[in-house]
Chemist: 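The structure is given below, and queries will be raised subsequently.
As the structure lists them, so they are numbered: ligands from 1, and atoms in each ligand from 1. These numbers were taken from a predicted model, which means no experiment stands behind them.
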Amino acid sequence: MKIFDEIESKVQSYARAFPRVFHKARGEFLYDEEGNQYLDFLAGAGTLNYGHNNPLFKKRLLDYINDDGITHGLDMHTRAKGEFLESFNEKILKPRDMEYVVQFTGPTGTNAVEAAMKIARNVTGQHNIVTFTNGFHGVSLGSLAATGNSHHRDAAGITLSGTHRMPYDGYLGEDIDTTVYLDKVLTDSSSGINSPAAVIVETVQGEGGINIASFEWLYNLQAVCRKHGALLIVDDIQAGCGRTGDYFSFEAADIEPDIITLSKSLGGYGLPFAVVLMKPELDQWKPGEHNGTFRGNNLAFVAAKAAIDHYWSDSRFSSEIKRKGQYISKRLASIVKQYGGGRFTTHGRGMFRGIGCVNGELARTITRYAFRNRLIIETSGADDHVVKFLCPLTISDTNLKRGIDIVENAIQEVCAKEGPVPEKIDYFDGHRAVNA
Ligand SMILES: *Cc1c(COP(=O)(O)O)cnc(C)c1O
């Protein structure tokens, strides 16, 4: 369709990687205008954990719309919002012994991050926020200051401030615990690093290249935060809502963040929705201090409640994710072993996995080959050098296998053509590989 070239901004990105006009979707499949079927291993960058147009939520939404349920409600109390809160409290928070206040922010992830950083700064009276190498937290100015990627940062057009970057787990090699360095600089009044309001971290860095933090590192990070009076913010926007196997990505690490951000798959049906969870004593907002027109996306409340009720009332879904995660892990390990020869590494946890390639070009060649074979799969990382497996958590075993087979064939083909292994670039080393 020419219209996209004619009047849509050059800022488009995914549209360039997958140049088709898509028209329908169901479960783990997307269909283009010609009716071609594509297996979706991108899943809205982690927004479609429950698949496209999940029939369970669709029915709830259709009933709700038919009954003239409220669609937009600013932040007014609505039954849909109340019912979402009840389900979230009963099925997510209480069983995990988590006591948090829920703040509805604007419906994008970045707005939840903005709110989280604002409340942390206001409560502690400090402005500095510690962030990590390769972290991604969104592209509005506050979140962008916390984001590492220079492609995004360079577009700010203004000095990004108020953050200080530290090496993420594994950044300096497997054997170096970078929280020791953080502790050191926060202890030394001449380190040049201001006392932080908070530390913001992803337990698995999604856009940064599926880098995982070990549970031990997360535990140590929490201890350093506590010692220096910094709040711990876990940005669970991509890793949360089941992606790593548990509802929250940090459950297995046995930590208790002060603030948590959620978005992406929270709205269940792919509907925009974001929240900040904070310890009750941190909820020092004055009415309307952080506002936003779309904090009351009631259709998202309806779908989000349906998702929680259906998938998170017991531990079955979680076990399924872990089982499929093990399968993906095994397959990727065997692919890397067979074709590796220094070209590939595996990364990830649960159904949040990736194959790291020695350079971005190799990763892009693989994803392009996959797309020709009707698999939608993206890359992430500093040089887009990690092929990122992010299929819906609800995918069938058959289609999961099919998707991985397509990637394996792509890799086989690419390796057959390629000469010697290209030289490795430094920053691809170090990050931790596999964990559970
Ligand atoms: C996607 C993402 C964001 C930003 O969410 P948007 O809805 O794109 O603003 C923030 N943090 C993490 C970890 C993300 O993956």
Chemist: Return all side-chain donor-acceptor pairs below 3.5 angstrom for residues 11-19, not counting sequence neighbours, or 'none' if the list is empty.
Modeler:
{"from": "Gln12", "atom 1": "NE2", "to": "Ser9", "atom 2": "O", "distance (Å)": "3.0"}
{"from": "Arg16", "atom 1": "NE", "to": "Gln12", "atom 2": "O", "distance (Å)": "2.7"}
{"from": "Arg16", "atom 1": "NH2", "to": "Lys10", "atom 2": "O", "distance (Å)": "2.4"}

Chemist: Partners of Ser380 by side chain to side chain donor-acceptor pair (under 3.5 Å), sequence neighbours excluded?
Modeler: none
Chemist: Measure up the Tyr311 and Tyr50 rings against each other and bin them: parallel (under 30°), tilted (30 to 60°), perpendicular (over 60°).
Modeler: parallel
Chemist: For residues 291-299, which side-chain N or O atoms pair as donor and acceptor with protein atoms under 3.5 Å away, sequence neighbours left out?
Modeler:
{"from": "Arg295", "atom 1": "NE", "to": "Gly292", "atom 2": "O", "distance (Å)": "2.8"}
{"from": "Arg295", "atom 1": "NH1", "to": "Asp75", "atom 2": "OD2", "distance (Å)": "3.2"}
{"from": "Asn297", "atom 1": "ND2", "to": "Pro272", "atom 2": "O", "distance (Å)": "2.7"}
{"from": "Asn298", "atom 1": "OD1", "to": "Thr78", "atom 2": "OG1", "distance (Å)": "2.5"}
{"from": "Asn298", "atom 1": "ND2", "to": "Gly296", "atom 2": "O", "distance (Å)": "2.8"}

Chemist: Only one of Tyr171, Trp217, Tyr181 passes ring pair (Phe, Tyr, Trp, His ring centres under 6.0 Å) with Phe132; say which it is.
Modeler: Trp217
Chemist: Check the angle between the aromatic planes of Tyr38 and Phe371 and answer parallel, tilted or perpendicular using the 30° and 60° thresholds.
Modeler: parallel
Chemist: Using a 4.0 angstrom limit on heavy atoms, which residues are close to ligand 1?
Modeler: Thr108, Gly109, Thr110, Phe136, His137, Gly138, Glu202, Asp235, Ile237, Gln238, Lys264
